[in-house]
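As structure tokens, the structure follows; a few thoughts come after it.
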Amino acid sequence: MTAKRILTGVLTAAMVVTSVNLPGMTTSVQAATVYNDTTTALSSLAGSTGLKIYRLTSDDAGKELTSGIYYVDEDLTFTGADSTSSSEAGGNGLKIAGGATVYIYIADGKTLTATGGNGYAGTDGENGTAGSMNIVNGTTQGITYTTAKYSENGAGGAGGSGATGGGAAIYVPNSSKIAILENGSLNATGGTGGNAGNGQSGQKTLYYNQSWRASSYGSSVSSYSTTNNIGLTQSFSGTNTFNGSYASNGNIVIGGAGGSGGGGAAGGGAGIGTNGANGNVGANGVTGNYDNNNNDYIDKVAGSSATANITANSSGQIYIGNVTVCATGGIGGQAGSQQAVVDKHKHGITYYIKGSSSANSGNFWVQDGQSGGGGGAGGNGASVGTGGQGGQGGAGGDAGSCWTKDPYSNKSGYAPESVRGANGAGGSNGTGSSSTLDETKYPYNNITFTNLTSANTKYYMTKSGTITAPDYSVNENQTFVGWKVTTPAVALPEAF
């Protein structure tokens with residue numbers, strides 16, 4: 001398990017604005033327990049906002065919080081469910097309803113803990129179908145012989161589906177506001193994004209090459225050669241009706257379809273903010289070329305490009321007052337991978353020319369369809385802000401090819417070799433975005449996090465411009481921000 005980074009600073013208040021989709025949103029249900037306030041602060045807030053006060057309890061698990069003031073006077077834990085399908089993100093510990101203004105008061109000495117559920121894994125690229133040839137009899141100049149006939153090209157498989165995002169521990173949609181107040185503690189940990197799928201292998205390139213010769217009129221076939229991978233065994237009957245030596249050559253090639261890409265990994269959910277973005281679908285496999293001209297070659301078909309990253313939406317306004325906050329963004333899903341490289345393979349051939357008794361020899365090269373790329377990794381969720389970005393879907397692999405460099409060929413050189421599809425690029429980490437409040441009335445400092453790779457983030461009313469975290473390994477991807485407010489917060493912004 002990856003160790004968490006723990007960052008402790010001192011702030012007077014924090015205000016972050018950031019966004020997100022909420023797949024599978026349940027019907028809004030107001031917390032049912034009306035709280036009879038006995039504190040001046042709650043009464044004052046209720047009077048100024050016109051909102052009712054409710055006591056938040058474990059019975060409110062799975063419900064959305066509509067506009068109101070929610071009082072926490074006991075230790076509470078809310079855990080979002082892990083996703084069980086590719087159509088939904090991980091669940092949320094707490095959900096704020098769209099358009100709602102919610103105040104959560106956490107009593108001194110009490111802890112509210114919320115955890116987002118994990119996203120659902122993406123899938124591998126789907127397998128394509130192989131091309132096909134039929135084995136038939138042909139007759140030329142009195143000679144009946146087994147040969148091959150083109151039937152159909154194979155098709156590339158569909159790209160894998162993208163993973164779904166980790167759930168935010170406390171989900172705050174773009175149209176909503178949340179203020180977390182009083183002297184208690186809040187632990188919020190976003191869910192992990194689903195892992196990416198792997199690239200699918202390409203299909204086999206089919207080939208059939210044959211040459212035979214009857215030395216004179218009235219003779220049967222005296223020399224022949226065949227190289228194929230379709231299971232054809234050469235046989236002949238009849239005698240030559242051509243006045244002299246007769247030779248026949250045939251060639252069919254069907255390029256194997258390229259492999260499809262794996263679905264991208266999803267982003268981790270924010271600690272407070274939005275769900276991680278889904279990973280994108282993988283690229284579809286491409287169909288190979290077909291040719292039955294023995295004086296030619298078939299070139300590869302280039303695989304489709306990787307699909308784009310998907311970005312999480314921004315969240316609504318998030319105000320944190322005199323509360324000890326430990327907010328942890330969820331880790332993005334892991335990247336997928338390609339299958340092994342398919343090397344080209346050489347085949348020797350013997351061929352005959354009409355009117356000549358000589359046997360000629362040469363080589364041709366065949367390459368099967370290449371693997372698609374794996375999906376890209378998901379980005380980590382922000383501690384407070386957006387979920388992580390979803391990874392790209394993997395690119396498709398090149399379709400197979402066949403090429404020659406022999407005396408009877410009218411082509412020179414070799415066709416380009418097929419290559420594997422690229423792995424999808426990973427998603428960016430989620431970020432907190434600046435507030436839309438009047439910055440002359442509510443000034444901010446740009447906090448620089450040292451020993452972390454986090455970009456500068458605007459935290460309103462900060463006491464310190466630089467906060468130093470312990471020096472953790474760069475391989476530990478989980479992000480963490482925590483702070484303790486030691487000076488009472490200023491009055492809530494008028495925007496609430």
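Every value quoted in this text rests on a predicted model; they were computed, and no experiment measured them.
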Report all side-chain donor-acceptor pairs from residues 114-125 shorter than 3.5 Å, counting only partners two or more places apart or in another chain.
unit_1: N118; atom_1: OD1; unit_2: T192; atom_2: N; d: 3.0
unit_1: T123; atom_1: OG1; unit_2: S161; atom_2: N; d: 2.8
unit_1: T123; atom_1: OG1; unit_2: S161; atom_2: OG; d: 3.1
unit_1: D124; atom_1: OD1; unit_2: N198; atom_2: N; d: 2.7

Discussion item. Measuring only between side-chain heavy atoms, which start at C-beta, is V221 closer than 4.5 Å to R213?
Written reply: no
Item to complete: Run the numbers on W212 and Y145 for ring pair (Phe, Tyr, Trp, His ring centres under 6.0 Å), then give the verdict.
Response: CA-CA 10 Å; W212 54 264; Y145 56 99; 5.3 Å; yes
Fill in: Electrostatic pair K204-D368, nearest N-O below 4.0 angstrom
no
Item to complete: Working to the nearest 0.5 Å, report the span between OH of Y217 and OG of S245.
Response: 15.0 Å
Item to complete: Test side-chain hydrogen bond (donor to acceptor under 3.5 Å, both in side chains) on T311 and Q389 and set out the steps.
Response: CA-CA 5 Å; T311 300; Q389 192 178 49; 2.8 Å; yes
Worksheet entry | Side chain Q392, main chain G264, donor-acceptor under 3.5 Å | no
Worksheet item: Are the side chain of T307 and the backbone of G393 linked by a donor-acceptor contact shorter than 3.5 Å?
Response: yes
Discussion item. To the closest 0.5 Å, what do you measure between CD1 (I318) and CD1 (I170)?
Written reply: 9.0 Å
Fill in: Identified side-chain hydrogen bond (donor to acceptor under 3.5 Å, both in side chains) partner of S211 from the options N249, T226, T227
N249
Practice prompt. Can you measure from CD (Q210) to CD1 (I349) and round to the nearest 0.5 angstrom?
Written response: 11.0 Å
Worksheet entry | Rounded distance [0.5 Å steps], CG in L94 versus CG in L112 | 6.0 Å
Worksheet item: For atom CZ of F242, is the number of surrounding heavy atoms from other residues, nucleotides or ligands below 6.0 Å larger than 12?
Response: yes
Discussion item. Can you confirm whether H347 sits close enough to V366 that some side-chain heavy atom of one is under 4.5 Å from a side-chain heavy atom of the other?
Written reply: yes
Fill in: Which residues share a ring pair (Phe, Tyr, Trp, His ring centres under 6.0 Å) with Y208, sequence neighbours left out
none
Discussion item. Closer than 3.5 angstrom, by distance alone: can the side chain of N423 be matched with the main-chain N or O of G374 as a donor-acceptor pair?
Written reply: yes
Worksheet item: Between atom CG of L206 and atom CD1 of I252, what is the distance when rounded to the nearest 0.5 Å?
Response: 10.5 Å
Worksheet item: Without hydrogens or angle criteria, can the side chains of N153 and Y150 be said to hold a donor-acceptor pair below 3.5 Å?
Response: yes
Practice prompt. Report the residue from T140, I143, T241 that forms a side chain to side chain contact (heavy atoms under 4.5 Å, CB included) with Y246.
Written response: T140
Practice prompt. Measure from the side-chain N and O atoms of D398 to the backbone N and O of K300, and report whether any donor-acceptor pair falls under 3.5 Å.
Written response: no
Worksheet item: Strictly by modelled atom types, are N127 and Q203 linked by a side-chain donor-acceptor pair under 3.5 Å?
Response: yes
Discussion item. Between Q334 (side chain only) and A265 (backbone N and O only), is there a donor and an acceptor less than 3.5 Å apart?
Written reply: no
Response to the item:
For residues 255-266, the side-chain hydrogen bond (donor to acceptor under 3.5 Å, both in side chains) pairs (sequence neighbours left out) are none
Discussion item. If I take atom CD from residue E126 and atom CD from residue Q200, how far apart are they, to the nearest 0.5 angstrom?
Written reply: 9.0 Å
Worksheet, complete the sentence: Here the pair of heavy atoms bringing I353 nearest to A247 is C-CB, 3.7 Å
Fill in: side chain to side chain contact (heavy atoms under 4.5 Å, CB included) between E88 and T164, intermediate numbers included
CA-CA 6 Å; E88 62 183 12; T164 64; 5.9 Å; no
Discussion item. Treating S176 as the side-chain partner and G99 as the backbone partner, does any N or O pair qualify as donor plus acceptor under 3.5 Å?
Written reply: yes
Worksheet item: Side chain of N275, backbone of A89: donor and acceptor closer than 3.5 Å?
Response: no
Worksheet item: Can you tell me if Q234 uses its side chain to pair, donor with acceptor, with the backbone of T146 under 3.5 Å?
Response: yes
Discussion item. When you compare the side chain of V172 with that of I272, does any pair of heavy atoms fall below 4.5 Å?
Written reply: yes
Practice prompt. Taking atom CZ of F236 as the centre, report whether more than 12 heavy atoms of other residues, nucleotides or ligands fall under 6.0 Å from it.
Written response: yes
Item to complete: Please tell me if the side chains of I230 and Y207 come closer than 4.5 Å, counting only heavy atoms from C-beta onward.
Response: no
Worksheet item: Can any side-chain N or O of S401 pair as donor or acceptor with the backbone N or O of Q367 at less than 3.5 Å?
Response: no
Item to complete: Report yes or no: does N240 contribute a side-chain atom to a donor-acceptor pair with the main-chain N or O of S216 at less than 3.5 Å?
Response: yes
Worksheet entry | Side chain to side chain, Y351 and S225, heavy atoms closer than 4.5 Å | no
